[in-house]
Amino acid sequence: MISVAGVNPGVVLFDQSKLYFQNAVVKSFLAGSVSGVCSTLLFQPLDLLKTRLQSPLQVRNGQAGLFTTCYNVVQSERFFGLWRGLVPSVLRCVPGIGLYFASLECLNSAIFNGADPSALGAVTLGATARTMTATILLPITVVKTRFESGRYDYKSVLHALSKIYTNEGRRGLFCGLSATLLRDAPFSGLYLMFYMQAKSFMATQDISSSYKSLANFSCGVTAGILSSLATHPADVVKTRMQITPLKHSSVALTCSSIYREKGLNGFFAGLVPRMARRTLMSAMAWTVYEQIIKQLHLNQS
């Protein structure tokens with residue numbers, strides 16, 4: 001607590017710990033948002049290819065591989081067609097990653113007083129923060145997925161939101177929520193646990209500053225691979241539910257449809273581009289985030 005001379009000592013002008021906490025959350029949000037811009041711009045083509053590989057339309061037209069799908073997109077939509085859906089991706093990922101890191105900071109301060117959490121604590125923190133963020137931004141996620149699928153002729157994000165609400169109501173804006181949470185909450189919980197454990201194993205705090213970014217990135221890649229493998233089936237289900245909500249109206253029906261069409265292999269459609277994107281994107285986001293936090297002197301504010 002801080003008071004000023006000449007003022008009644010019993011009157012508290014402001015709480016320094018509260019000021020620090022608010023400052024830390026703001027800095028975490030800004031750092032997360034900047035890292036989100038960098039990673040989204042670089043890895044959007046991988047997200048588009050993943051969506052195309054998981055699309056029901058791909059199943060009806062016959063299975064095509066990653067490179068064939070990429071070639072078809074470039075042939076029909078030109079090179080920059082690989083960045084289709086970039087605007088909703090930025091609108092989702094930039095505030096999304098910022099909100100995620102701010103939520104982590106907020107929850108970590110409230111539950112663990114800023115100390116490094118245990119493995120179970122990391123899972124809980126990551127899952128809770130991602131659940132909050134994914135639910136808030138789900139309408140933008142639905143728009144992003146539909147833009148990337150190439151099946152909808154939306155003219156803009158606002159036009160898409162308006163058309164979805166008009167034709168499908170609020171349910172359309174939040175279609176695939178259950179599958180999204182089944183994917184994002186475990187992914188973020190597992191990712192944070194693997195990331196913290198990898199950093200602890202590598203003892204990154206003892207690594208010289210010139211190699212610390214590389215060490216953090218390596219930890220992020222390892223965590224991303226393991227988390228992507230564990231949560232990919234839920235991602236396939238989510239994509240189906242958001243592209244064709246009338247046919248795939250629930251997780252159970254969607255799982256049944258996928259298994260009937262492709263067997264167990266159907267639950268791993270688009271694994272390679274998603275694993276590459278999520279791994280590299282998460283690793284970059286955490287690396288850039290930690291470097292920005294270091295530059296902002298978060299721990300010294």
Closest non-hydrogen atom pair between [X] and [Y], with its separation:
X      : Y      : result
Arg92  : Leu137 : O-CD1, 3.4 Å
Lys247 : Ser257 : CE-OG, 4.2 Å
Met196 : Ala122 : CG-CB, 4.4 Å
Pro273 : Leu53  : CG-CD1, 3.9 Å
Tyr100 : Gly126 : CE1-O, 3.7 Å
Arg130 : Ser188 : NE-OG, 2.8 Å

### Query
Looking at Arg84, Gln54, Gln44, which hits side-chain hydrogen bond (donor to acceptor under 3.5 Å, both in side chains) with Glu148?
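Filter result, single survivor: Gln44.
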Between [X] and [Y], is there a shared hydrophobic cluster once you connect ILVMFWY residues whose side-chain heavy atoms come closer than 4.5 Å?
X      : Y      : result
Val157 : Ile136 : no
Met193 : Leu107 : no
Leu104 : Tyr195 : yes
Phe268 : Met241 : yes
Val251 : Phe174 : no

Please round to the nearest 0.5 Å and tell me the distance separating atom [atom1] of [X] and atom [atom2] of [Y].
X      : Y      : atom1 : atom2 : value
Leu181 : Thr135 : CG    : OG1   : 4.5 Å
Leu226 : Phe194 : CG    : CZ    : 5.0 Å
Ile140 : Ser89  : CD1   : OG    : 10.5 Å
Phe43  : Thr279 : CZ    : OG1   : 10.0 Å
Cys175 : Lys238 : SG    : NZ    : 9.0 Å
Lys50  : Leu46  : NZ    : CG    : 11.0 Å

Are [X] and [Y] side-chain neighbours, meaning at least one heavy-atom pair lies under 4.5 Å?
X      : Y      : value
Val73  : Arg52  : yes
Tyr71  : Val74  : no
Thr239 : Ser55  : no
Leu182 : Val237 : no
Gln242 : Leu138 : yes
Leu41  : Leu86  : yes
Ile164 : Val142 : yes
Leu271 : Asp235 : no

Please check this pair: side chain of [X] against backbone of [Y], looking for a donor-acceptor N/O pair closer than 3.5 Å.
X      : Y      : result
His232 : Ala269 : yes
Arg151 : Ile243 : no
Asn72  : Thr68  : yes
Thr133 : Ala129 : yes

### Message
Evaluate Val143 against Leu161 for side-chain contact (heavy atoms from CB on, under 4.5 Å), listing each step before the verdict.
### Response
CA-CA 7 Å; Val143 172; Leu161 290 170; 3.6 Å; yes
### Message
Just checking Phe112: does its CZ atom have more than 12 heavy atoms from other residues, nucleotides or ligands closer to it than 6.0 angstrom?
### Response
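Yes.
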For [X], ring-ring contact (aromatic ring centres under 6.0 Å, His included) partners two or more places apart:
X      : answer
Phe187 : Tyr191
Phe67  : none
Tyr259 : none

### Message
Once you measure the plane-to-plane angle for His159 and Tyr154, does it fall in the parallel (<30°), tilted (30-60°) or perpendicular (>60°) bin?
### Response
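Rings of His159 and Tyr154: perpendicular, over 60°.
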### Message
Given Asp47, which partner from the list Arg274, Arg277, Arg278 fulfils the salt bridge (Lys or Arg N to Asp or Glu O under 4.0 Å) test?
### Response
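Answer after filtering Arg274, Arg277, Arg278: Arg277.
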### Task
Establish, for the pair Arg146 and Tyr152, whether the NZ or CZ atom is under 6.0 angstrom from the six-membered ring centre and no further than 45 degrees off its axis.
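Pair Arg146/Tyr152 counts as cation-pi.
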### Test log, rule side-chain contact (heavy atoms from CB on, under 4.5 Å), inputs Ser218 and Thr222
CA-CA 6 Å; Ser218 299; Thr222 302; 5.5 Å; no
### Message
Assess, by modelled atom type and distance only, whether the side chains of Lys144 and Thr51 contain a donor and an acceptor separated by less than 3.5 Å.
### Response
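No, Thr51 and Lys144 have no side-chain donor paired with an acceptor closer than 3.5 Å.
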### Message
Ignoring hydrogens and geometry beyond distance, is a side-chain donor-acceptor pair present between Arg183 and Ser178 at under 3.5 Å?
### Response
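Looking only at side-chain atoms, Ser178 and Arg183 do not form any donor-acceptor pair under 3.5 Å.
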